[in-house]
Protein chains: 2
Amino acid sequence: MSLRHGLLGLLAEGPASGYDLARRFEEHLGPVWPAQHPKIYAELSRLSKAGMIEVDSHGPRGRKAYRITDAGRAEVRRWLSEDAVDHTLRSESVLRSFFFWLMDPDDLHEHLRREQRYFTEIADLARGYAAAKDRGEYGTAPQTKSMRVALEAAIRVYQSLADWAEWAQTVPPATPEEDADTPRPPTPA
Amino acid sequence: MSLRHGLLGLLAEGPASGYDLARRFEEHLGPVWPAQHPKIYAELSRLSKAGMIEVDSHGPRGRKAYRITDAGRAEVRRWLSEDAVDHTLRSESVLRSFFFWLMDPDDLHEHLRREQRYFTEIADLARGYAAAKDRGEYGTAPQTKSMRVALEAAIRVYQSLADWAEWAQTVPPATPEEDADTPRPPTPA
DNA sequence: TAGGGACATGTCCTCAAGTACATGTGAGGC
DNA sequence: GCCTCACATGTACTTGAGGACATGTCCCTA
């Protein structure tokens with residue numbers, strides 16, 4: 001479970017409330033690691049009980065800001081350098097592509113156009129943020145440097161998916177003869 | 001939940017047992033949609049109860065092969081053309097990159113080298129399968145054409161991640177001055 | 001013929017994710 | 001002064017994912 005470590009990592013930047021963290025997850029981390037507020041509040045109280053974080057201040061509307069402790073900082077560092085990376089890359093878009101042969105060619109074409117548009121949009125959005133960072137708008141703190149690296153991943157991955165969707169539109173649909181020819185594949189990729 | 005539709009999609013190619021499906025998920029769909037056998041068997045009995053699939057044949061060791069029904073075929077087609085695509089792209093690799101600034105520079109460099117190696121390996125593996133498909137080794141059936149499209153996504157995405165990991169190694173670590181300069185970022189990406 | 005390994009199916013339990021529900025406050029505009 | 005909206009925190013319930021456990025069979029090889 002990486003939500004725990006995601007929260008610790010964000011809190012390493014400075015104190016924040018559950019509400020703040022939920023917004024940051026939705027705005028910045030959402031595309032690579034979704035997390036809704038119920039999970040976040042629950043995890044925060046668990047982290048608090050474990051001594052990884054503690055209440056930093058109480059604010060206006062029952063607001064509770066948390067601060068990371070030394071134990072928490074040690075834990076997030078340990079995760080980063082010791083725990084094995086889980087490389088699974090869940091993507092419904094790609095999953096669907098295994099089944100494109102079941103789709104009506106016109107539907108598929110329309111689907112791919114929409115996918116291309118979507119991925120391009122996200123890539124451009126990330127490019128915009130990256131350009132702002134490069135112009136120095138977010139300062140030179142080490143966290144923003146890491147943010148820039150993450151943005152670069154988003155730009156590259158989403159652009160590659162946009163290019164893929166564009167390319168897929170050029171693949172001709174199955175001809176009737178091929179459609180008849182339907183053997184079981186031996187054991188492909 | 002797309003496991004349901006993934007199973008239906010695979011069964012649309014022809015009858016298969018839970019064991020077969022588990023292997024195909026692990027070998028082919030695993031990188032984009034992991035599924036373990038307990039989930040698969042459970043889902044198969046649910047699909048069977050719902051009339052989307054039915055038992056096609058009984059084999060040697062209690063083997064039960066399922067066949068998709070018309071209702072099942074209609075459902076997977078409906079999913080493909082009507083249901084909105086969930087675009088979240090869960091990636092622990094990218095999530096970690098938000099917190100690179102917490103890592104020791106040498107650890108980080110080593111981490112990025114490992115990541116680059118891993119992503120390159122997967123991209124090459126996909127390239128190998130794609131080349132075999134292009135040589136005609138898997139025939140010309142429409143399913144294998146879709147498989148080729150999915151492979152292309154894998155090649156492009158994993159290569160882009162490998163390139164990203166390589167690029168990230170060229171980003172200089174934070175200098176001590178910048179480290180001191182640690183303001184809260186306004187509201188970045 | 002004994003033994004190991006791949007084939008084959010399933011249950012149980014725990015934890016993670018996600019939706020819906022529930023509640024209340026402070027600030028700003030009309 | 002009222003109303004709305006963003007702020008803010010939580011609980012409850014349902015489903016999904018995943019690891020551990022349990023069981024048995026067929027086939028090949030030594």
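Atoms considered below: every heavy atom in the structure, side chains included; atoms not considered: hydrogens, waters and symmetry mates.
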Over how many whole Å does the gap from [X] atom [atom1] to [N] atom [atom2] extend?
X	N	atom1	atom2	value
Trp33(A)	dA16(C)	CH2	C1'	10 Å
Leu7(A)	dA17(C)	CG	C1'	14 Å
Arg4(A)	dC15(C)	CZ	C1'	12 Å

Residues in salt bridge (Lys or Arg N to Asp or Glu O under 4.0 Å) with Arg127(A), at least two apart? Asp124(A)

Asp104(A): which residues meet the salt bridge (Lys or Arg N to Asp or Glu O under 4.0 Å) condition with it, sequence neighbours left out?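 Here no residue qualifies.
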
Do His111(A) and Phe100(A) have side-chain heavy atoms sitting under 4.5 Å apart?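 Sidechains of Phe100(A) and His111(A): in contact.
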
Which pairs pass ring-ring contact (aromatic ring centres under 6.0 Å, His included) with one or both residues in residues 59-89 of chain B, sequence neighbours excluded? Tyr118(A)-His87(B), Phe119(A)-His87(B), His5(B)-Trp79(B)

Check which hydrophobic residues are tied to Val85(B) through side-chain heavy-atom contacts below 4.5 Å, counting indirect links as well, and list them.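 Members alongside Val85(B): none; it stands by itself.
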
Return all side-chain donor-acceptor pairs below 3.5 angstrom for residues 29-40 of chain B, not counting sequence neighbours, or 'none' if the list is empty.
none

Where chain A begins and ends its contact with DNA chain D, read 5' to 3' at 4.0 Å from heavy atoms: dA6(D) to dG18(D)

Sequence neighbours left out, what passes side-chain hydrogen bond (donor to acceptor under 3.5 Å, both in side chains) with [X]? Give chain and number order.
X	value
Gln116(A)	Gln169(A)
Asp86(A)	Thr88(A)
Asp163(B)	Gln159(B)

Give me the residues of residues 38-52 of chain B where at least one heavy atom lies under 4.0 Å from an atom of DNA chain D, by number, or none. Pro38(B), Lys39(B)

Set of ring pair (Phe, Tyr, Trp, His ring centres under 6.0 Å) partners for Tyr158(B), sequence neighbours left out: none

Between Asp86(B) and Ser17(B), which residue's closest nucleotide on DNA chain C lies nearer the 5′ terminus?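 It is Ser17(B), whose closest nucleotide lies nearer the 5' terminus.
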
Close approaches to DNA chain C from residues 53-62 of chain B, in residue order (heavy atom, under 4.0 Å): Arg61(B), Gly62(B)

